[in-house]
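Single-structure report; data block below.
Side chains are part of it too, since the values below use all heavy atoms of this structure and drop only hydrogens, waters and symmetry mates. Each residue takes its place number in the sequence, starting with 1.
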Amino acid sequence: DVIISGGENVYPAEIENVILRSTGGSTVRVKDVARVVDGYAERTSTTRLDGVDAVIYGVGIPEQFAFDTQVFDRTNLDIFRSFLGELEQSSVRRLVYLSTYEVFQAVDGLIRETHAPASPAGMTPYFQAMIKAYALAQAAAQRLGLQLTTIHPAAVYGGRDTGDGI
């Protein structure tokens, strides 16, 4: 189950319709694999992390599917902050973080992981949220002593050539 709480204009229909995979004309949405509930759930994720060596975080929403641009902060930042809070309470100290490649500056028309993070100024709300989330991952790794591995595929959601940068 996916449980939405906090009362800040998070709409179950937005989460239900997030595409998880689309290949060969077949689309899998969150609602196909989970029940989305607007409500409250007791904290249980910390105990679920007992005995876990590493976690992989790859939650996000693609820009083209947003009904409301505030959804990017709610999905890419608020959920990640909650996740990091749970991670902090656990014994897990290895995090694999999946993010878009475009969190780095384009230099001479190329984006490389060795480049400095991009400035959110002038970016779309989607890219602003992704750049801030990447900064959260870096800060959490430093603060919590996490072994952080970041994966920055050129196109997280596929179907679009993003090789020319932002």
To the nearest 0.5 Å, tell me how far [X] [atom1] sits from [Y] [atom2].
X    : Y    : atom1 : atom2 : result
T149 : L98  : OG1   : CG    : 12.0 Å
I79  : L84  : CD1   : CG    : 12.0 Å
L144 : S90  : CG    : OG    : 9.0 Å
F72  : F127 : CZ    : CZ    : 9.5 Å

- Query: Just by distance, do the side chain of H115 and the backbone of Q105 share a donor-acceptor pair under 3.5 Å?
  - Reply: yes
- Message: Any side-chain to backbone donor/acceptor pair from Q128 onto M123? Under 3.5 Å, distance only.
- Response: yes
- Before giving the answer on side chain to side chain contact (heavy atoms under 4.5 Å, CB included), spell out for Y57 and V96 the whole-Å C-alpha distance, their side-chain angles and the decisive distance to 0.1 Å. CA-CA 6 Å; Y57 187 89; V96 177; over 6 Å; no
- Task: State, yes or no, whether a side-chain contact exists between P117 and V103 at a heavy-atom distance under 4.5 Å.
- Result: no
- Message: I'd like to know whether Q138 forms a side chain to side chain contact (heavy atoms under 4.5 Å, CB included) with L148, so could you lay out the CA-CA distance, the side-chain angles of the two residues, the decisive distance to 0.1 Å, and finally the verdict.
- Response: CA-CA 8 Å; Q138 295 289 320; L148 176 65; 3.6 Å; yes
Closest approach of [X] and [Y], non-hydrogen atoms and distance?
X    : Y    : value
S99  : M130 : OG-CE, 3.5 Å
V92  : L146 : O-CD2, 3.8 Å
L136 : R81  : CD1-CG, 3.8 Å

- If you draw a 6.0 Å radius around CD1 in I56, do more than 12 non-hydrogen atoms from other residues or ligands fall strictly inside? no
- Could you give all pairs that pass the salt bridge (Lys or Arg N to Asp or Glu O under 4.0 Å) test and reach residues 130-148, with sequence neighbours left out?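 Residue pairs passing salt bridge (Lys or Arg N to Asp or Glu O under 4.0 Å), neighbours aside: E88-R143.
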- Task: Check the pair R94 / V55 against side chain to side chain contact (heavy atoms under 4.5 Å, CB included), numbers first and verdict last.
- Result: CA-CA 6 Å; R94 291 176 56 203; V55 293; over 6 Å; no
- Item | For Q147, side chain to side chain donor-acceptor pair (under 3.5 Å) partners two or more places apart | none
- F80 and Y97: aromatic ring centres closer than 6.0 Å?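 Yes: the rings meet the under 6.0 Å criterion.
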